[in-house]
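Structure first, then comments.
Counting from 1, the numbers follow the sequence of the chain as shown.
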Amino acid sequence: MSAGPSRPPARPQGPDAASLRIAWLIYRGNPHSGGQGVYTRYVARELRELGHHVDVLSGQPWPVLDEGVELIKIPSLDLFRADDPWHVPRPAEVAERFSRARQIGLAEFGIDALEFAHMMTSGFPEPWTYSLRARRYLRARPGTYDICHDNQCFGYGIKGIADDGLPVVATLHHPITVDRDLEIADLPRVFPSKRSLAYAKRRWSLWRWYGFLGMQMKVAKEIPRIITVSASSKRDIVAQMGVRDEQLHIVPVGVDHERFKPLPHVTRRPHRIMTTASADVPLKGLRPLLEALAKVRTEHPIDVTIVGKQREGSVLPELLKRLGLEDVVTFESGVSDDRIVELYNEAEMVVVPSLYEGFSIPAIEAMACGTPLITTTGGALPEVVGPSGEAALTVPPNDSDALSVAILQVLRSPELRAKLSAGGRARVLKGFTWRIAADGCVDQYRAELEDRARASSRN
């Protein structure tokens with residue numbers, strides 16, 4: 001664990017005399033998979049530009065952060081590392097952790113034991129155990145921060161941080177209940193017989209994996225001020241997680257519009273179709289996209305780039321072979337910021353085929369780059385892209401026929417591509433920059449601090 005600041009950092013000098021000292025919590029800071037690492041990097045950067053001090057307390061994998069934002073490492077056992085998922089610690093690792101725990105107290109070793117035991121029974125312990133470690137770190141440094149921002153951990157330790165007296169604002173991007181329910185609903189496709197042992201084992205393992213949701217729902221109800229990223233997410237969080245409507249406040253996600261932009265020196269590749277839906281889980285809709293592409297290929301040449309890495313045990317190779325797409329699909333993984341912008345600019349279109357999105361960073365990245373976009377109407381996507389035909393074409397989720405029609409429409413019409421390109425970029429500049437997102441977060445921090453001041457004065 002990083003030592004971190006030994007005393008409260010000096011208040012940063014900026015245009016606002018009431019600059020804040022912010023502890024930003026992210027239990028998994030992956031900069032290349034999912035949106036939470038991206039959200040952390042850019043909101044923290046903009047908060048720093050606004051004159052605030054931001055320390056990011058992160059578990060593995062570590063996030064990429066910009067200059068002026070400090071990374072404080074809160075190491076887990078890293079049991080779900082990309083190169084060794086379900087990692088079993090070796091004796092030397094256990095000895096090293098135990099030695100370190102003896103220096104700072106056996107409670108740390110107890111958290112390790114909890115994390116390992118939970119993983120060995122098919123659970124996902126990181127939100128819980130990270131929150132306990134983060135609470136221990138913050139409790140040892142009273143007065144260091146003015147506010148804590150939890151980025152979708154909602155472990156029991158987050159409630160503990162609030163109980164210790166540090167004001168907490170949290171971001172809940174979308175209810176993970178949606179992910180769980182879609183995976184369970186997809187089981188009959190993989191296991192035709194619901195009476196089979198394989199079906200029963202897989203269903204149990206999914207319920208066990210998503211067991212952390214019970215904790216998150218309990219903790220979310222106790223956090224008085226929660227940021228979410230869209231009206232769609234807000235409705236679903238209230239309906240599925242039991243959070244009160246008045247707890248939730250909408251602050252949209254942004255994009256780095258100065259990095260993600262049209263690149264005149266990059267040539268569009270004819271027939272290039274790009275998607276970032278690399279994980280073959282039902283939520284991301286990769287299967288209906290590939291089925292649509294197989295239909296498109298019978299009428300038009302295609303060249304497909306999937307940004308991301310196939311997970312272990314992926315069914316994608318078999319699916320690509322069955323659909324006859326092996327020779328036209330290329331995977332790009334672990335790409336740099338500059339390369340991802342080039343990939344957007346090389347594509348004739350980007351497709352976001354998700355069955356559900358609480359927001360969609362890939363959608364606004366594509367629009368910012370002026371790349372014609374097709375999305376589904378799943379979750380918040382209509383809020384993000386606006387009316388169909390202005391900044392993107394939209395189709396119903398899980399509808400490969402409608403998706404193939406839209407793809408052919410864009411491939412065949414230079415005029416439509418030009419319209420979507422201009423409309424997408426304009427929409428991003430109007431409402432989806434990281435400065436707008438950071439300003440919205442600061443508004444929520446100040447509102448929570450004011451609420452606590454009023455409550456304290458009454459007492």
Side-chain angles (χ1 to χ4, degrees), residues 22-28 34-36 39-40 43 123-128 130-132 134-135 147-184 207 209-253 283 354-361 378-384 437 440-452 454-455:
I22 303 160
W24 182 289
L25 273 54
I26 178 170
Y27 70 88
R28 176 161 274 263
Q36 292 189 39
Y39 180 74
T40 293
V43 175
F124 180 54
E126 285 185 359
W128 185 7
Y130 166 83
S131 72
L132 298 177
R135 183 189 184 187
I147 199 152
C148 171
H149 186 144
D150 170 41
N151 185 22
Q152 194 145 335
C153 176
F154 292 95
Y156 290 126
I158 304 303
K159 175 62 166 57
I161 291 168
D163 290 341
D164 293 339
L166 181 60
V168 174
V169 171
T171 294
L172 183 49
H173 295 266
H174 79 270
I176 306 300
T177 48
V178 175
D179 307 54
R180 179 198 63 193
D181 294 347
L182 283 171
E183 287 210 55
I184 290 174
W207 277 105
W209 174 261
Y210 284 107
F212 65 89
L213 281 171
M215 171 189 68
Q216 288 193 330
M217 286 189 274
K218 290 178 183 177
V219 173
K221 293 173 186 176
E222 299 295 325
I223 303 299
R225 187 169 295 271
I226 297 175
I227 293 168
T228 192
V229 295
S230 66
S232 172
S233 280
K234 181 176 180 177
R235 289 191 300 269
D236 293 338
I237 291 165
V238 170
Q240 298 187 29
M241 298 186 69
V243 175
R244 301 184 309 280
D245 183 87
E246 59 269 24
Q247 289 176 257
L248 292 159
H249 306 269
I250 299 171
V251 178
V253 173
L283 182 77
S354 304
L355 307 190
Y356 180 93
E357 289 285 353
F359 191 78
S360 179
I361 287 178
L381 282 165
E383 292 178 59
V384 176
C441 288
V442 172
D443 289 344
Q444 297 307 316
Y445 301 158
R446 297 203 186 285
E448 177 60 20
L449 292 171
E450 289 170 6
D451 286 348
R452 289 178 65 101
R454 281 195 294 268

Qualifying residue, where the test is side chain to side chain contact (heavy atoms under 4.5 Å, CB included) with T228 and the options are I250, V243, V251, V238: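 Between T228 and the candidates, side chain to side chain contact (heavy atoms under 4.5 Å, CB included) is satisfied uniquely by I250.
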Within a strict 4.5 Å, meaning less than it, do heavy atoms of the [X] and [Y] side chains meet?
X    : Y    : value
L283 : V178 : yes
F154 : P127 : no
P175 : D236 : yes
E448 : R452 : yes
E126 : F212 : no
R225 : D451 : yes
W128 : Y156 : yes
L172 : S233 : no

Side-chain donor-acceptor contact under 3.5 Å, H149 with T171: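 Side-chain D/A pair, H149 to T171: present.
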Residues Y27 and Q36: side-chain donor-acceptor under 3.5 angstrom: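 Absent: no donor and acceptor within the cut-off.
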Donor-acceptor check, side chain of [X] to backbone of [Y], threshold 3.5 angstrom: yes or no?
X    : Y    : answer
Y445 : V169 : no
E383 : A231 : yes
D443 : A447 : no

Of all the heavy-atom pairs spanning [X] and [Y], show the shortest one and how long it is.
X    : Y    : value
S360 : L381 : CB-CD2, 3.5 Å
P167 : L449 : CG-CD2, 3.7 Å
Q247 : I223 : NE2-O, 2.7 Å
P224 : E222 : CD-O, 3.4 Å
G358 : S230 : O-OG, 2.7 Å
Q152 : Q216 : O-NE2, 3.6 Å

Aromatic plane relationship, H174 with Y356 - under 30° parallel, 30 to 60° tilted, over 60° perpendicular: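 Y356 and H174: tilted rings.
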Aromatic plane relationship, H173 with Y39 - under 30° parallel, 30 to 60° tilted, over 60° perpendicular: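 Correct class here is perpendicular.
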[X] side, atom [atom1]; [Y] side, atom [atom2] - distance, nearest 0.5 Å:
X    : Y    : atom1 : atom2 : answer
I226 : K221 : CD1   : NZ    : 11.0 Å
R235 : S232 : CZ    : OG    : 5.0 Å
I26  : T40  : CD1   : OG1   : 3.0 Å
E183 : Y210 : CD    : OH    : 3.5 Å

